[in-house]
Every structure is written in C-alpha cells, then in structure tokens.
Amino acid sequence: MDKAQAKLQIDELTASLKEHNYRYYVLSEPTITDLEFDRLLKQLEYLESQFPELAHADSPTRVVGGGVLNEFQTVKHRRRMLSLGNTYNEKELREFDGRIQKAIGGETEYVCELKIDGLAISLFYEDGKLIQAVTRGDGVQGDDVTANVRTIRSLNAELHGNFPAEFEIRGEIFMHRKGFEKLNRDRIFAGETAYANPRNVASGSLKLKDSAEVAKRPLDITLYHVLGDNLSYKTHAECIEAAQSWGLKTADTTEVCRGIDEVLQFLEKWDKKRHDLGFDTDGVVIKVNSLAQQEELGYTAKVPRWAIAYKFQTESATTRLLDITYQVGRTGAITPVAELEPVFIMGTTVKRASLHNANEIERLDVRVGDMVFVEKGGEIIPKITGVDFSQRSESSRPTQYINHCPECGTALVRKEGEAQHYCPNEDGCAPQVIGKIEHFVARKAMNIDSIGSEMAKTLYQQALVKDISDLYTLNIEDLLNLERMGEKSARNIIDGIQQSKNVPFERVLFGMGIRHIGETVAKKLAQALGNIDTLMTADKETLVGIDEIGEVIADSLVSYFSEPEHRQLVERLKAAGLQMQSQQKEQIQTGTSLSGFTFVISGVFSSMSRDEAKELIESNGGKCSGSVSSKTDYLLAGEGMGPAKLEKATQLGVKIITEEELMNMLGETPAAKISTEPNKPAQTTLF
Ligand code: IVH
C-alpha cells in the first residue's frame, strides 16, 4: 500500500471509530458489534504502525491511555470555579426562591439537575477539540489532568455539529457503583484493601500518573455548565441541549421546572428514585434557567446567587464511640473499627463502622468517648462522618494509632505512599495464617468446600494446621479428636483435601495468597512461565515482561520467593502432590477459530463440564465472561440455563448457541475435542 492510500484509510478508520465510540459511550446506541469495532481498531493500529507519521494525535488507538506524567501542571482557571450554597429542607429552598423573586420581580423558571457525587472538572474545547482538562483545585487554580481525562470513554474529545469556536464546559467525573464494586472485588482478591467509596476512587484515578492505568478505571462524566464569550443561548437548558448536540454527555434526568412547587416535586421524586440510579447522588442542583436573570443575580464572594444545592437527607444518627479496635486481614492490613453504642438507622442496628486507616482517624480527630455522627447512605457499611465537638470531654486526648499488631505484637509497618498499616509477621500472626488457610480452601482456589471459616480457625487453634501445606498431612484420627467431629464430616474433609491435588497450577498459585496475585494474574503467570520453579527463580525483569504484570506484582513475587520459608512451603506442597506445573501450556492456543469472540456459558452440558467448555473456548482463542453484556458475542446455552441470562441475551440480540453449534464452529465432534482429565465425569453445577 502506498502512502496516499494509507492516509485515506487511516483518515477514514479514525473518523469511523470516533463515531462508533460516540455511539457506544455517549448515546449507548452502538451500531456495530464490539467484535467489528475491535477489528477496525486493529486495522487502524496496523496501518499506524506502518505509517506512524500519518496517525492522528487523538487517534482512537491512543485514547485508551499511555504516557506517564511526572507531575501535574498547575493551571489558573480562566473563570473561577465556585462552589454552591446548600439547603437541606423546603423552608430554606423557599427562602432561596423568595430572594430570587424579589431580585427579578416575579416567578422564574428553574432547571433541576441531579447532584452527582464525583469531582468537578473544567474542560476547554477549541475548534471542537478538547485541549485542556483542569480539576477544580482551590477554585482559582487546579491541576491539568488532560491526558487522564482523555481516557474517559464517554467523553468526546472531538465534537460535531454547530459548536462555538472556543468554549469551556464544566461537569462531574464519577464512577458507577458496579464498576466501583468490581474494582474492590479485584483488589480484595489481589490481597489489597478496598477503597472507601466511588468518589474517592474517581478522584484518586484522575491523579494517577500513568494514563494507561486511568484507562482501566471505569470513569464516567456528566457535563452541566457551558461558559464562553458571546454565546448565543438564552437559557441554561438551551446550553445543555446544545452541548448534547455537539456530542457531549449531559444528564438525561434534568428537568425545567416552572416555579418552586415544581422544583419540590422533582426533589420528592428523586429522593426515592436516586437509589436505583447505579451511581451516588447527594442532592439536586437548582439553577435559574434564564442566562440574563443569572447575570442579573450575580455572585456572592463564594457562590452564585442564581443556583443552590438541595442536599438529600441521608439517614444519620449520633451515638457514642465506645472503643476503637483493630482488625488484621489476611494480608496483614490493619483496619481500625469504631465500636459504637448500638443505634438504629434505616431499619438496622449499627454497632460498628469502619474507620479505614490512620489518616481517616486523624482527619476526623475522632477519640474514644466522643459522640459521633454515623451515616448510612447507599453503602452497606455505615460510616462516621464527624464528631460532635461540643460534647467532647475536656480530658479527652487525641487517638494514638497502634504501632504493634494487636494479635501477635509485631511492630507494624507502613509503606511510603500507602494509607494502611501492615503487620509483617505473615507466617506467624493468627488471623493472617487463618485467613490464608481460608483463602487457600476457597472455591476459586483449591475448592475444599468441606473446610469453612470456622473449621480453618479450629484447625489452626488446635495446632493441626500451621500453614497450608499441613492440610496434606492431616489424617482422619487428627480430625476425630476434634470436638463434635463425626466420622462422615472427617471423611469429607480428607476427601476434599485429596481431590484438591488435581486442581490446576494456576489455582494453586492463586490459593497461595501472595500479595497482589489475584485470579487473573495467577492465570497469566501460569500460562507464561509454566511451572513453579521457573516462577520462583524469575527475576523482576522477566516478570514485568509478561503481559499484564506490572512492577508492583513483580516486586511482590520476588520478595515472596526470596524468603526461605516460602521456598520450603512450595517444596512441601510439591511433595504433597499438588499441581505445580501448568497443564494449560500444552492446551492453550490449540486453535484460533474463536479468536475475538466473547462467550458466556450457562447451564449444564451433556459432553463436557462448564469448566471444560471454558477451557475449550479459551484454548481456541475465545474469551469467557461471567455476565451477558453488549460485549458478549455468544451465549453458550446448556440445559437449565439461567433465565436472567437468556432474557438479557435476547434483549441485546446476543446469539444463543448449543454445545453442538460450538463444536461445529470448531469443526470438531464433541468427544474429539475434550482432552482434559478424561477420567473425571462431567460436572453438573447449575448457576
Ligand atoms: S453547578 C457555579 N451543577 O457540586 C456553578 N455542580 O457543591 C457551580 N455538582 O463543585 C456548579 N452536580 O462539583 C453544578 N449539576 C451540577 C452538579 C454540580 C454536581 C458539584 C460540583 C460543585 C459542587 C458544589
């Protein structure tokens, strides 16, 4: 292909991919499948690699992030980013309306917008292109986070339609609760501590130095304030409508209300409905619609007179902090817990709340004996939002954070840049060892379901199991000596342990509970290195060379295997007969016919277990996912499949196939293709 042809194709592909990104992320109305999108993207990637000089600066191949920033530039806002006044009840809101009516001489029209709990951002567009994104900062100046903001999928970096040559638009960056929960699940599985709430993660994400990392965070944006010189719009609603027509994402919940009574109806409606939204809102912003009236009303030193926030009541209560206790997690992370005088909030009695870490205790300046405000918002874990200082006793002293482990007495450590304290005694601290045993026997690891949390604890306390390798030296007599242990249960436990010897290497590796080694990472490592010996001797450079393995994971592995006790543990596990070699290596990529397709498996199959179906798909280049989404290409349906999955698949137009059809896609007969564990009967687990 010559350069002129390449240019033509690159230009076309770039434009078309941008359009599809817009349809997918902004309109939520994709017109091509994800597979087709990926094909176009790959084609563009290829052409750009051949003719790098022809690649557009904002090419869709680049906006998924890349480039590490050393520090963020501080930028002065062209127009100050003000905050909003708050109201908490109808009376205060009517007073606000009274002030407006007095100033403009009569009733006015308002726009009501949900107040999303995220972080404010100011964007600059020139000739329809995003040129700068700045955080609110102190309102006068903020950080230039343009590279990170460009990774937000729902933000159009290039506009269409009749946009002004230059304008600023402000909005809120936030994270949906589902994305937040998934992020936390992944973190917990990797042995890291959970984030406190979606807002903190959204804000922390924007401050990450590597935009490729930001791209992995499911951030979203809503824009709500257009600013510029000589704009031709007469009302705020017109501005928002215009922004939408340029391809920018605005809220679809916004309403124009005639007079304060309609505003109150809006508030009442959303006070109930906000819990179904999937993201956190803490109130409603009420704005005078007419821009001329806004100008007339003007600003106080801090806030606009033409807008106000109405805050929803979160159910809260005041109670006494009886004590601060400290929990030690599986990875040694210390979590301070507020022990409260029981208090009834939103239908439940609250006795405990997480205080997260030492920074949070310091920020709240919370002390034992204080009366504290406890809130139960959308989150399940209640939180302490503040201290009633007026009730503090004179003799109270600031909380001294512990410096030794409450369980084993070891001096705690706190790594630079981390909020959490850790107990480093990972092999001798009871909750850490018990936690490791629990993790090892979990379904996704060794799947020894005859051992639950209580049994793990008992085995450790009775000195029968001091580390996970001791499970394999247990015998029936040991167990029968335990209180209330019958022959049948003891046999189940021993059988479960024996069966776990067939569990594939990647799950053994995950089960070992090495910090930062979650399920996916363990799989990657097992595939890339094949066996435990190669992994144990791999240096940092080798490890970071593996797909998806970063420095943090590599450091964690090198440090783990540098301990002689850990190497000895591995030897004991090997001697016990556990799988320390990947079967996957020989199995993977036996074909590529499913490459680029994502499957969801549901139900029971006659010729294979669900795990085998998954292996079969993956070994032929396909991907498997747990839930049906617009990214799903095929739903592999077995007998008794989940009705919710079927409904979702039908709704989204996902193709539903049988196991025979899968085999046809592979050009195989069922029996010929299943090579794994031929002696094992097909499992019949249902969802
Ligand atoms: S308007 C001068 N509209 O709330 C206008 N703010 O408490 C100021 N916020 O800093 C902002 N949703 O981060 C506005 N629809 C909305 C909003 C909104 C959330 C945030 C924003 C602001 C804070 C003020």
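Note that these values count all heavy atoms, side chains included, but never hydrogens, waters or copies made by symmetry. Both ligands and their constituent atoms are indexed starting at 1 by order of listing. Here the structure is a predicted model, which means the values were calculated and not measured.
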Any carboxylate oxygen within less than 4.0 angstrom of a Lys/Arg side-chain nitrogen, looking at [X] and [Y]?
X	Y	value
E181	K178	no
R320	D388	no
E95	K91	yes
E168	R79	yes

Heavy-atom distances under 4.0 Å are what count here, so tell me which part of [X] touches ligand 1: side chain, backbone, both or neither.
X	result
I116	backbone
K115	both
T222	neither

With the threshold set at under 4.0 angstrom, would you say A309 reaches ligand 1 through any of its heavy atoms?
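Flag not set, A309 not near ligand 1.
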May I ask whether V303 places a heavy atom under 4.0 Å from ligand 1?
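Not so, V303 does not reach ligand 1.
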Got an N/O contact under 3.5 Å between [X] and ligand 1?
X	result
W306	no
N86	no
Y299	no
K287	yes

Of the protein's non-hydrogen atoms, which lies at the shortest distance from atom 17 (C) of ligand 1, and what is that distance?
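Ranked first by proximity to atom 17 (C) of ligand 1 is Y224 CE2, 3.3 Å.
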Among all the protein's non-hydrogen atoms, which is closest to atom 2 (C) of ligand 1, and how far away is it?
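In this structure, atom 2 (C) of ligand 1 has P304 CG, 3.5 Å as its nearest protein heavy atom.
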Where does the angle between the aromatic ring planes of F312 and Y310 fall among parallel (under 30°), tilted (30 to 60°) and perpendicular (over 60°)?
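If you compare the ring of F312 with that of Y310, the planes turn out perpendicular.
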Do the rings of W306 and Y299 sit parallel, tilted or perpendicular, given the 30° and 60° boundaries?
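W306 and Y299: perpendicular rings.
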Distance (rounded to the nearest 0.5 Å) between L267 CG and K311 NZ
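Spacing of CG (L267) from NZ (K311) equals 13.5 Å.
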Is the ring centre of F180 less than 6.0 Å from the ring centre of F279?
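No, ring centres 6.0 Å or more apart.
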Tell me the nearest of E113, R136, E172, R170 to atom 13 (O) of ligand 1, using heavy-atom distances.
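Closest candidate by heavy-atom distance is E172.
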For D280, which of R274, R177, R199 qualifies under salt bridge (Lys or Arg N to Asp or Glu O under 4.0 Å)?
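Running salt bridge (Lys or Arg N to Asp or Glu O under 4.0 Å) over R274, R177, R199 with D280 returns exactly one hit, R177.
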Suppose I only count heavy atoms of L114 and a 4.0 Å limit; which atoms of ligand 1 are within that range?
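Counting atoms of ligand 1 from 1, those under 4.0 Å from L114 are 12 (N), 15 (N).
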